[in-house]
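Below is one structure, written out as structure tokens; the observations come after it.
Chain naming here is simple, since letters A, B, ... match the order of the sequence lines and numbering starts at 1 in each.
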Protein chains: 2
Amino acid sequence: MRKIAQRDDIRDLILDGVDALLARFGFRKMTMEDLAREVGIGKGTIYLHFPSKEELALAHIDRIAERLLLRLREIAAGPGSSPERLRRMLLARVLHRFDSVTHYSQNLDDLLSSVRTPLLARRRAHFEKEAAVLAEVLRDGCAQGVFCSAEIRASAQALVWCTNSLLPFSLSARELGERDELEQRVTGIVDLLLKGLLRRSPGPSKRRR
Amino acid sequence: MRKIAQRDDIRDLILDGVDALLARFGFRKMTMEDLAREVGIGKGTIYLHFPSKEELALAHIDRIAERLLLRLREIAAGPGSSPERLRRMLLARVLHRFDSVTHYSQNLDDLLSSVRTPLLARRRAHFEKEAAVLAEVLRDGCAQGVFCSAEIRASAQALVWCTNSLLPFSLSARELGERDELEQRVTGIVDLLLKGLLRRSPGPSKRRR
DNA sequence: CTTATGACCATTATCGTATTCTGGTCATAA
DNA sequence: TTATGACCAGAATACGATAATGGTCATAAG
């Protein structure tokens, strides 16, 4: 009987194991015994921290979402103009998804289909938090007169939804293409979206033609 | 032995049958005998018009795409300003997809997974044609000075890609939500995209604040 | 007393096989 | 020349027997 340093530590260790096995085998082929062996603890111990295999997977997904949220907050608090930060955030969201899909490869479908129903509500919650961070930056931009100030909340949600769509999880890794290519395509759309948000006539207009 | 009126007529009749059976049973459970019975011809006759079941499905998908293309051309040639027409076209694309997904319900996954590989190339071709029509309207707008004239081709492709993403076929009908709700959400994004395309400082700016 | 463990069990998944079904062909009919 | 359905090889399915797995809990360790 080994003494576990901290309650949260072992939770994280287990989730690390989940991450490894999920990428290697997918959800269905990852057994609780595999996982216990990977982490180096007994199977029963896992059930002291998670009530079921499904909740385990959901907790793992939550952790991924939290990391993305952290990254978005970093960017939001970081340097750059409001549109620049927003642009980086949107790109980060899509690339984060890209990395997830490639990391879990075919096994992502397996995971998602196994926990699809309970996942929907959680995703909504994640998306709302992310939209909230986007909204902050939008508000920043409004305060500086860069963005027009109408419909901030709705705009943020639209941006979240759109960037979700740009790389649906359901894509298999095989159909993704190169990361660079994706980045380029997404950048085009994101720029278009941002331009749409910008305030009309931003300063002394130099009319051409 | 019944005399078929016209070669194209029977082709269309068969595809009508495909449409009906696909919606009812999906691709795998739709048998060639079912289809022959539905259309009221012998099984062998189908093979006089289509080389295989797979090609049959692809032809059916082609026909759907052609109808959408027709609709887009209608809108493009119809009344309204360039941005208005563009907006209608983008919305039409998404709603067209919505209708497909709801029409074939669960059975769409079945169809798509059964012909996924050969479908990819065809979809690319369809998308290019659709992008070409969008590009026409964009060019119209440029000629009138509504849109900025850079990157028309790329913009059209971006719009196609983005509206594709807004409603991936892989969504099951169950997750779609209401058509009205979709229309509303998509309208928001489409408007954002269009605003991004508009030319800056379009006339005497009335600066607020 | 709290925390960790793995043998244990009911349920689920997997596999092998016997059987049915179905895409595609073609000799025959109209 | 055009249409048809009996026919066949190979694919899908149904099913029962067997193996694997999620979750529990009495026991052990600290």
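- The distance between atom CD1 of B:I41 and atom P of D:dG5, rounded to the nearest whole Å, is 10 Å.
- Rounded to an integer number of Å, the gap from A:L48 CG to D:dA28 P is 18 Å.
- For the pair B:R122 and B:E55, the salt-bridge criterion is met [side-chain N within less than 4.0 Å of a carboxylate O].
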In B/S/- notation (B base, S sugar-phosphate only, - none; protein heavy atoms under 4.0 Å), nucleotides 22-27 of chain C written 5' to 3' is SBBB--

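- Relative to the ring axis of B:F27, B:K53 places its NZ or CZ within 45° and under 6.0 Å from the centre.
- Rounded to an integer number of Å, the gap from CG of B:L35 to C1' of D:dT4 is 15 Å.
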Using a 3.5 Å cut-off and no angle test, enumerate the donor-acceptor pairs between side-chain atoms of residues 129-137 of chain B and protein atoms at least two apart in sequence or in another chain.
unit_1	atom_1	unit_2	atom_2	d
B:E130	OE1	B:R93	NE	2.7
B:E130	OE1	B:R93	NH2	2.5

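- Residues passing the ring pair (Phe, Tyr, Trp, His ring centres under 6.0 Å) test with A:Y104, sequence neighbours excluded: A:H60.
- The separation between A:D34 atom CG and D:dG22 atom C1' is 13 Å, rounded to whole Å.
- Using a 4.0 Å cut-off between charged nitrogen and carboxylate oxygen, B:D99 and B:R179 count as a salt-bridge pair.
- Listed by first and then second residue, the ring-ring contact (aromatic ring centres under 6.0 Å, His included) pairs that reach into residues 122-149 of chain B come to none, sequence neighbours excluded.
- The distance from the OG atom of A:S165 to the CG atom of B:L166 is 5.0 Å, given to the nearest 0.5 Å.
- The separation between B:D110 atom CG and D:dA12 atom C1' is 13 Å, rounded to whole Å.
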Which pairs of donor and acceptor atoms, one on a side chain in residues 68-77 of chain A, lie under 3.5 Å apart (sequence neighbours left out)?
unit_1	atom_1	unit_2	atom_2	d
A:R71	NH1	A:E74	OE1	2.8

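- Rounded to an integer number of Å, the gap from A:F50 CZ to D:dG22 C1' is 16 Å.
- Inter-axis angle, ends of the helix from C:dC1-D:dG30 to C:dA30-D:dT1, five pairs per end, rounded to 10 degrees: 30°.
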